Amino acid sequence: MIEATLCFPLRDGGDAAADREVLLIEKRRGLGEGWYNGPGGKCESGETPRECAIRETEEEVGLEVSDLEKAGELRFLLDGEAHTFCHVYRTRSFAGEPSVSEEAYPEWIPVDDVPYDRMWDDDLLWLPGVLEGKTVAGEFRFEGGEPLDEAAFVDHDLEWDVSF
Ligand SMILES: Nc1nc2c([nH]c(=O)n2[C@H]2C[C@H](O)[C@@H](COP(=O)(O)OP(=O)(O)OP(=O)(O)O)O2)c(=O)[nH]1
């Protein structure tokens, strides 16, 4: 099973709470290519998920994130078998300016305008809550064989307010 991470940096975009923004990437290659997501990727051996999220965010968008808050654990099953376990973080602490890399076009996007129609099908179920500050554990079942991003999302279970 693949162990992976996602990181969602947040900032105030204006005066109102409604103006909050999240740093998303448009993924330029690999799994989920062409879709929006948070920075993140697969954990390397010997690396904690938190270290992975920090490294991937630096590699993909050049942002040095810190004080990561664990927001979710997502289990993706493909054809009944465990495929990916993804640790989700959010943070308001970062240094630097996002920059384009070979893997990602970064973009600050108002939390109310997240383009769920250009993301993984399951994201609409858990990402709004994560961006509101909730914690979540989810299982998402896909069918149709590899690669995961071409399989069909069939059903899910979600639990909110989980302690990590
Ligand atoms: N938002 C969201 N992210 C997902 C879902 N499923 C899933 O694997 N991911 C994430 C976990 C990882 O952060 C990312 C896939 O890992 P990756 O970016 O390293 O994959 P890749 O094939 O590009 O690998 P690499 O070439 O960079 O090594 O996609 C999903 O349903 N929603």
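Whatever order the structure lists ligands and atoms in, that order sets their numbers, starting from 1. Bear in mind that the values here come from a model prediction, so they are computed numbers and not experimental data.
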*Closest by any non-hydrogen atom to atom 10 (C) of ligand 1: pick that one out of L148, L78, T84, N37.*
N37
_Counting only heavy atoms, tell me which of V130, L127, D123 gets closest to atom 32 (N) of ligand 1._
D123
Does only the side chain of [X] get under 4.0 Å from ligand 1, or the backbone, or both, or neither? Count heavy atoms.
X	answer
L31	both
F140	neither
R29	backbone
E103	side chain
L6	side chain
W126	side chain

Give the residue and atom name of whichever protein heavy atom lies nearest to [atom], and the separation in Å to one decimal.
atom	answer
atom 24 (O) of ligand 1	K42 NZ, 2.7 Å
atom 16 (O) of ligand 1	G41 CA, 3.9 Å
atom 11 (C) of ligand 1	A4 CB, 3.8 Å
atom 31 (O) of ligand 1	D122 OD1, 2.6 Å

*Does the protein put a heavy atom less than 4.0 Å from atom 6 (N) of ligand 1?*
yes
*Could you tell me whether atom 14 (C) of ligand 1 has at least one protein heavy atom nearer than 4.0 Å?*
no
*State whether the side chain of T84 and the backbone N or O of C86 hold a donor-acceptor pair below 3.5 Å, judged by distance alone.*
no
*asked:* Quick check against the 3.5 Å criterion: does R90 have a side-chain atom that pairs as donor or acceptor with the backbone of C7?
replied: no
*asked:* Heavy-atom contact check, 4.0 Å cutoff: does K27 meet ligand 1?
replied: yes
*Shared ILVMFWY cluster between L6 and F76, side chains joined below 4.5 angstrom?*
yes
*If you group Ile, Leu, Val, Met, Phe, Trp and Tyr by side-chain heavy-atom gaps below 4.5 Å, do V162 and F140 land in one group?*
no
*Could you pull out all residues at least two apart from W160 that satisfy ring pair (Phe, Tyr, Trp, His ring centres under 6.0 Å)?*
none
*Would a 4.5 Å heavy-atom cut-off, applied to side chains only, mark E64 and F94 as touching?*
no
*Distance under 6.0 Å and angle within 45° of ring axis: R141 vs F153*: no
_Salt-bridge present (E103, K27; N to O < 4.0 Å)_ = no
*To the nearest 0.5 angstrom, please state how far the NE2 atom of H87 sits from the NZ atom of K70.*
5.0 Å
*With E47 via side-chain contact (heavy atoms from CB on, under 4.5 Å) - residues at least two apart*: C43, E44, E51, C52, R55
